[in-house]
2 protein chains.
Amino acid sequence: MEMTSAVASLAALAHEGRLAAFRQLVQAGGAGLAAGELARRLDMLPNTLSTNLGILAQAGLVTSQREGRSIIYRAHYDAMGELLAYLVEDCCAGSPEICAPLAKVASGCCAA
Amino acid sequence: MEMTSAVASLAALAHEGRLAAFRQLVQAGGAGLAAGELARRLDMLPNTLSTNLGILAQAGLVTSQREGRSIIYRAHYDAMGELLAYLVEDCCAGSPEICAPLAKVASGCCAA
DNA sequence: CATATAATTCGACTATTCTAGAAATATGGA
DNA sequence: TCCATATTTCTAGAATAGTCGAATTATATG
């Protein structure tokens with residue numbers, strides 16, 4: 001992963017509304033959620049949310065797919081994983097005990 | 001972890017200079033790096049870097065400690081781990097195979 | 001085809017963030 | 001004490017991001 005796209009992804013997530021939307025999608029799994037459903041859950045104006053989903057999509061963190069009148073958004077787990085891996089790349093100068101807290105990440109998810 | 005502090009951490013990382021600085025510190029491990037050494041490595045003005053290190057510190061992602069005339073900065077692995085865990089919390093609606101890419105994160109680090 | 005629903009795009013305004021020069025503070029040594 | 005080094009703080013201007021109303025596009029249905 002390149003610096004530029006990592007910054008874009010982080011900037012996309014560094015916003016209350018977008019982070020909330022993204023987490024909803026992460027939790028929703030493969031089924032994803034329609035833009036309107038997200039707007040309702042997060043109590044956001046549809047146009048504002050749309051702009052923000054666009055920013056997440058451009059960063060590669062979510063994908064979208066039209067389904068009838070709705071557009072379904074889904075978290076893009078691959079991109080997510082690359083971003084997290086980039087942040088801890090070559091970490092801790094070879095002293096595993098120092099970065100043990102990072103192990104949480106795996107267990108927080110389904111890897112457990 | 002709360003939304004507000006997650007956003008602050010992500011915003012702190014969503015900047016070329018700060019992300020580069022943070023990654024240097026992550027890779028430096030427990031020894032950390034002096035502010036001046038970082039400025040030299042990253043070719044940044046010391047005052048600009050100082051401002052940016054302040055932002056990382058306020059977000060809790062790095063710690064600082066004076067040592068003689070220098071100030072040593074270190075990555076704060078705990079905070080880092082909490083942030084990553086927050087991003088994948090309750091992910092993928094119980095379908096581990098969907099979020100398998102996230103397993104990379106652990107192996108990218110010393111957990112391997 | 002007319003209408004309703006779902007979502008996006010446009011435009012203008014406000015607010016925030018970024019950078020760099022200059023000045024200030026802290027430490028160590030002659 | 002005086003000076004050099006290391007870093008931070010202050011300040012102002014430039015650039016960027018965020019929001020919302022209004023208009024637009026796409027799809028489904030009577």
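In the text below, chain A, chain B and the rest are named by the order of the sequence lines, each starting its count at 1. The analysis underlying the following values was restricted to heavy atoms, covering all of them including side chains, and did not include hydrogens, waters or symmetry mates.
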Problem - Any side-chain heavy-atom pair of A:V7 and B:L13 under 4.5 Å - result: no
Could you write out each protein N or O paired with an N or O of nucleotides 25-30 of chain C at a distance under 3.5 Å?
none

Problem - Gap between atoms CD and P, on A:Q65 and D:dA26 respectively (whole Å) - result: 18 Å
Handout entry: Spacing of B:L53 atom CG relative to D:dT7 atom P, expressed in whole Å
Key = 10 Å
Exercise for the section: Report the residues that fulfil side-chain contact (heavy atoms from CB on, under 4.5 Å) with A:A39, sequence neighbours left out, ordered by chain and then residue number. Expected result: A:L49
Handout entry: Nearest to side-chain heavy atoms of B:Y73, which nucleotide of C:dT8, D:dT7, D:dT8
Key = D:dT8
Handout entry: Partner residues of A:L42 under the side-chain contact (heavy atoms from CB on, under 4.5 Å) criterion, sequence neighbours left out
Key = A:A20, A:A21, A:Q24, A:L38, A:M44
Practice task
Measure from CG on A:L56 to C1' on C:dT8 and round the result to the nearest Å.
Solution key: 15 Å
Can you give me the N/O atom pairs linking the protein to nucleotides 16-20 of chain C at distances under 3.5 Å, or say none if there are none?
unit_1	atom_1	unit_2	atom_2	d
C:dC18	OP1	B:R18	NH2	3.2
C:dC18	OP2	B:R18	NH1	3.4
C:dT19	OP2	B:H15	NE2	3.0

Completion exercise
salt bridge (Lys or Arg N to Asp or Glu O under 4.0 Å) pairs touching residues 21-49 of chain A, sequence neighbours excluded, are A:R23-B:E89, A:E37-A:R40, A:E37-A:R41
Practice task
Please examine the side chains of B:V26 and A:L87, heavy atoms only from C-beta on, and report whether any two atoms are closer than 4.5 Å.
Solution key: no
Completion exercise
Sorted by number, residues from residues 28-40 of chain A placing a heavy atom under 4.0 Å from DNA chain C are A:A34, A:A35, A:G36
Problem - Separation of D:dG21 C1' from A:M44 CE (nearest whole Å) - result: 17 Å
Exercise for the section: Mind jotting down which residue pairs meet the side-chain hydrogen bond (donor to acceptor under 3.5 Å, both in side chains) criterion with at least one end in residues 3-19 of chain A? Sequence neighbours excluded, please. Expected result: A:R18-A:N52
Handout entry: side-chain contact (heavy atoms from CB on, under 4.5 Å) partners for A:A14, two or more places apart
Key = B:L10, B:A11
Problem - Atom-pair distance (CG on A:D43; C1' on D:dT19), nearest Å - result: 15 Å
Exercise for the section: Sorted by first residue and then second, give each salt bridge (Lys or Arg N to Asp or Glu O under 4.0 Å) pair with at least one member in residues 67-78 of chain B; sequence neighbours left out. Expected result: none
For residues 56-64 of chain A, which side-chain donor-acceptor pairs fall under 3.5 Å, sequence neighbours excluded?
none

Practice task
Using side-chain contact (heavy atoms from CB on, under 4.5 Å) as the criterion, list what pairs up with A:A8, not counting sequence neighbours.
Solution key: none
Practice task
Provide, to the nearest angstrom, the distance between the CG atom belonging to B:L10 and the P atom belonging to D:dA17.
Solution key: 16 Å
Practice task
Report the residues that fulfil salt bridge (charged side-chain N to carboxylate O under 4.0 Å, His left out) with A:R66, sequence neighbours left out, ordered by chain and then residue number.
Solution key: none
